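These notes are about the structure you will find just below.
Just so you know, these numbers come straight off a predicted model, no measurement behind them.
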Amino acid sequence: MKYLIFLFFVSTTTLAQSSKDKTIYLDSLFFPTTKKEFKYYMIVEDYKNTKPEYFITIYYASGKIESKGYSKSKDFFKKKGEIISYYENETIKSTIFFEDNFPNGKCVLYFENGEKKMEGRYLLTTDIGGKRKSKLRIENAWNIDKLQVVTDGTGDYEEDEFFIVHNNNYYLNSISKGQLKNGYKDGEWKGINTKHNYTFSEIYKSGDLISGESVDKNNKKYFYTATVKLPEPNLGFDYFYKHFGDNFNIPNIEGFKGEILLYFIINDEGVLINPKVIKSIGNTDDEAIRALKSYTKGWTIGQTRGIKNSFPFTFPIKFHSP
């Protein structure tokens, strides 16, 4: 009898550097890609050994360090402890502490010129649905001219968003401004997303989003109560996992075990596209993609600030024989 263990992440992976380390090529969103199309690359030290954690360094295509720290996985950056990020000019961008890939603990951000921008602390908590989330309390902040604009959690702040809900590393390309009270967003915050060309206005209370309105380039309005809404299988993840397990034909080979890592995109119409295997075992690639495509019940449409959006996913599948 064979057993399947399912995990589901929005994350990273593939390819090699030396006999001990592994190089994984990443696109502009830090998702796996080919050597030909990469924007970043990740080196996992001592990849071939089984360990509780691995030291990972991500590099810009130029070879400068983008971030580094320990990971609880060797196939994607499941951050643990202090993670240090850098601008491409080699100045520190941030130091943030993590627990199971969620920010949890001290956080310090810097401007590209090396001056400190913000001191704060993440609190790991849960939302109304019981999902874990990280909530940032901003303690002190400064503007580019070194003027302190937030003191002991009170003041006006400009936020350059780079972390968002749960353990997903979506970089929103948004800048917003508003008031902080006791370290948390309070009242009206206004912002702009330059990549997707929309503006937004949001109401917060004690750091929690109450409501938001975005306006796209065609002056169409969207209303929302969550900054990001990830796609989900129409029949739920439990059904999706079971369907995959029932339809994946594991080779009848004694001792067959390991992990397959699949990558795919749920586009802005809720359709699964571009599936590929980024970590394989034997000759199971075609079978894994076939089983993935066999789920035909559809997905909900993902949204960013109420606007339809595409989202990439990785889908790890661990299995072993007794």
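Side-chain N or O atoms of Tyr184 include none that pairs as donor or acceptor with a backbone N or O of Ile138 at under 3.5 Å. Between the side chain of Arg290 and the backbone N or O of Asn247 there is at least one donor-acceptor pair closer than 3.5 Å. Between the Asn140 side chain and the Asp152 main chain, a donor and an acceptor come within less than 3.5 Å of each other.
Salt bridge annotation for Lys133-Asp208: present, with a cationic side-chain nitrogen under 4.0 angstrom from a carboxylate oxygen. At a threshold of 4.0 Å, the pair Lys79-Glu99 does not count as salt-bridged, since none of the basic side-chain nitrogens sits closer than that to a carboxylate oxygen. Using a cut-off of 4.0 Å between Lys/Arg side-chain N and Asp/Glu carboxylate O, Glu119 and Lys106 are scored as not salt-bridged. Salt bridge annotation for Asp100-Lys80: absent, with no cationic side-chain nitrogen under 4.0 angstrom from a carboxylate oxygen.
Ring centers of Phe313 and Phe31: at least 6.0 Å apart, outside the cut-off. Ring-centre distance between Tyr40 and Tyr60: below the 6.0 Å cut-off.
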Take Asp156 and Val149 through the test side chain to side chain contact (heavy atoms under 4.5 Å, CB included) and record every step on the way to the result. CA-CA 6 Å; Asp156 295 320; Val149 293; 5.6 Å; no
Does the side chain to side chain contact (heavy atoms under 4.5 Å, CB included) test come out yes or no for Leu230 and Trp299, once each step is laid out? CA-CA 10 Å; Leu230 296 175; Trp299 292 66; over 6 Å; no
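Between Tyr204 and Trp189, the ring-plane angle classifies as perpendicular under the 30° and 60° cut-offs. Taking the six-membered ring for Trp and thresholds of 30 and 60 degrees, His196 and Tyr198 have nearly parallel ring planes, at less than 30 degrees apart. Ring orientation note: the planes of Phe38 and Tyr41 are nearly perpendicular, at an angle over 60° on the 30°/60° scale.
One hydrophobic cluster, built from ILVMFWY side chains closer than 4.5 Å, holds both Ile273 and Ile278. Trp142 and Tyr87 are assigned to two separate hydrophobic clusters, defined by single-linkage of ILVMFWY side chains at heavy-atom distances under 4.5 Å.
In this structure Tyr70 satisfies the ring pair (Phe, Tyr, Trp, His ring centres under 6.0 Å) test together with Phe55, sequence neighbours excluded.
Nearest heavy-atom pair across Ser71 and Ile56 is CB-CD1, 3.5 Å.
No more than 12 heavy atoms of other residues, nucleotides or ligands sit less than 6.0 Å from atom NZ of Lys177.
Relative to the ring axis of Tyr263, Lys276 places its NZ or CZ within 45° and under 6.0 Å from the centre.
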